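This structure is a prediction, so every number in the text was calculated from the model and none was measured. Every chain is numbered from 1, with letters handed out A, B, ... down the list of sequences.
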Number of protein chains: 2
Amino acid sequence: MSEVALTQPPEAVEPRTLVEGAYQRLRRDIIEGVHPPGEKLRVEHLKDQYDVGAGTLREALLLLVTDALVVAQGQRGFRVAPISLQDFEDITRTRILLETEALRQSIALGGEDWEASVVAAFHRLSRAEQKLGDSEDYAQAASDDWEKRNRSFHDALISASPSRWIRHFQNILYQQSERYRRISLFRKPVPRDVHAEHLALFNATLARDTSRATAILTEHILRTLESVRHMPADFFSTRSKR
Amino acid sequence: MSEVALTQPPEAVEPRTLVEGAYQRLRRDIIEGVHPPGEKLRVEHLKDQYDVGAGTLREALLLLVTDALVVAQGQRGFRVAPISLQDFEDITRTRILLETEALRQSIALGGEDWEASVVAAFHRLSRAEQKLGDSEDYAQAASDDWEKRNRSFHDALISASPSRWIRHFQNILYQQSERYRRISLFRKPVPRDVHAEHLALFNATLARDTSRATAILTEHILRTLESVRHMPADFFSTRSKR
DNA sequence: TCAATCTTTTTTCTCGAGATTTTTAGATCG
DNA sequence: CGATCTAAAAATCTCGAGAAAAAAGATTGA
């Protein structure tokens, strides 16, 4: 695994080893709900599915513990981390705490390079949102594309923060949120007028209006909490195998 | 490994597997500086030193990546995470951000059980500090004991926070700070009048004076930064092997 | 029928050895 | 003398099989 120091943005790096490869594929499958929350992850089965040896797959699972996507219980194997409304509220609040702080720092310290990267990321995201709105053909590809650019935009916003630790934790939490979003919204059209929010956030940031930018960001993140709150009541019931 | 979901306070759990055992011992040795920052961690050597197989030791190393005490570079093995003044400043600031928030929540939500646990932890810590001050015999045991109780006190303060994520991240950062402290202060007497600070923090917390309590906590954490800042200039130079 | 105990099956954990890659050391050439 | 190339050595990564533990199923007795 090339440079697994502090969490890197997902597919940023090409896998240099089988462990790394299995880790990345497993992570994607967990986030996308292929392996639902609470599912028992049996090494003997998964090693065939992912085409690696048993030991190798174990190591991949251990790496996923780092992302808190998998929990390990001594002598009793591995499970996909469970989900709950309470957990998602916690994730959301903590994400707001970290991400607003990082944005604050970015606005305070960011130079021209940072501004340029924000402008570029915003442009790319806008294009994707336009494409999504234009034709109502809800292609999987377009949605995945939007997802990547959305993340890139959020990353760009806080990229001028000098705090590697905040960014590290933020990466983990974003990943977690992503799983909730993917599982709950299940390929539903991107909700509400998200473009307007991004635009407002973009303007406030470039205007270096810290309090306005952080307020918008807070609202922005909170809104995803709302959409999960309105899920059917039994949604978080354990669908674990055994 | 029993319940490795989100980071548990260190030796809270008895190791149920060889991996877990090796993990705990390795972690201790890294925090205590037995394996200095940047050191190459060769599986072939370490497996003898820790009396486990190669695969088992690899897994332990992978678990340490979770704590960011070890970094893995694909096809090039493992290293003890490097240190730098910049990194310690980051750790300190992020810790303040998380720990003050958690304290805020604790004060707002903590009930009688929480109060009782804070009182108890403070009492135990006071006794240890008294013991340390009384006889100037600086026993290793007394110092280790103080360390444990200090951590317990800080844990108790924020234990009423409902945020598992903040506590998880806080655990990681505390562990990191601990390594810096152990490496830099190298068995030096516990500096300054730390007892007075703890007392003030204790009083403000029980009085439910949020702003005063968080202010004291901030100062308290910042002071450890000062002591590292005054290290010899070349302290952070890489002492890595090769 | 139910609970407790024993047996069988499954799964996890652990180890050592082979295949690959990286690193080191030596040799060759400009 | 330094740089580049080549060969040997060391380290990492990977796999499958055996030991240990947990889970599932069967048996017995109240």
I'd like a table of atom pairs between the protein and nucleotides 15-18 of chain D - only N or O on both sides, under 3.5 Å - with the distance next to each one.
from: D/dC15; atom 1: OP2; to: A/Gly53; atom 2: N; distance (Å): 2.7
from: D/dC15; atom 1: OP2; to: A/Thr56; atom 2: OG1; distance (Å): 2.8

Please write out each protein N/O paired with an N/O of nucleotides 8-12 of chain C under 3.5 Å, distance rounded to 0.1 Å.
from: C/dT11; atom 1: OP1; to: A/Arg42; atom 2: NE; distance (Å): 3.4
from: C/dT12; atom 1: OP1; to: A/Lys40; atom 2: NZ; distance (Å): 3.2
from: C/dT12; atom 1: OP2; to: A/Val43; atom 2: N; distance (Å): 3.4

Value in whole Å for how far the [atom2] atom of [N] lies from [atom1] of [X]:
{"X": "B/Glu20", "N": "C/dT14", "atom1": "CD", "atom2": "C1'", "answer": "16 Å"}
{"X": "A/Tyr23", "N": "D/dT14", "atom1": "OH", "atom2": "P", "answer": "15 Å"}
{"X": "A/Leu63", "N": "D/dC13", "atom1": "CG", "atom2": "C1'", "answer": "13 Å"}

Item to check | Bending between helix ends of the helix from C/dT1-D/dA30 to C/dG30-D/dC1 [5 pairs per end, 10° resolution] | outcome: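 End-to-end axis angle: 10°.
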Item to check | Heavy-atom closest contact (B/Ile30 atom, B/Val70 atom, distance) | outcome: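 Minimum heavy-atom contact is CD1-CG2, 3.7 Å.
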Next on the checklist: Testing the basics here: between B/Arg27 and B/Leu69, what is the closest heavy-atom pair and its distance to 0.1 Å?
Outcome noted: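 Result for this residue pair: CG-CD1, 3.7 Å.
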[X] (side chain) donor-acceptor with [Y] (main chain) under 3.5 angstrom:
{"X": "B/Asp90", "Y": "A/Arg164", "value": "yes"}
{"X": "B/Trp114", "Y": "B/Leu109", "value": "no"}
{"X": "B/Arg149", "Y": "B/Arg124", "value": "yes"}
{"X": "B/Arg182", "Y": "B/Gly33", "value": "no"}

Item to check | Lys/Arg N to Asp/Glu carboxylate O, A/Arg58 vs B/Glu59, below 4.0 Å | outcome: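 Yes, charged N to carboxylate O under 4.0 Å.
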Next on the checklist: Between A/Arg25 and A/Asp29, does any NZ, NE, NH1 or NH2 come within less than 4.0 Å of an OD or OE carboxylate oxygen?
Outcome noted: no
Checklist entry - Hey, which of A/Leu64, A/Leu46, A/Val71 is the one that makes side chain to side chain contact (heavy atoms under 4.5 Å, CB included) with A/Leu41? => result A/Leu46
Checklist entry - Should we say atom CG of B/Asp113 is surrounded by more than 12 heavy atoms from elsewhere, each under 6.0 Å from it? => result no
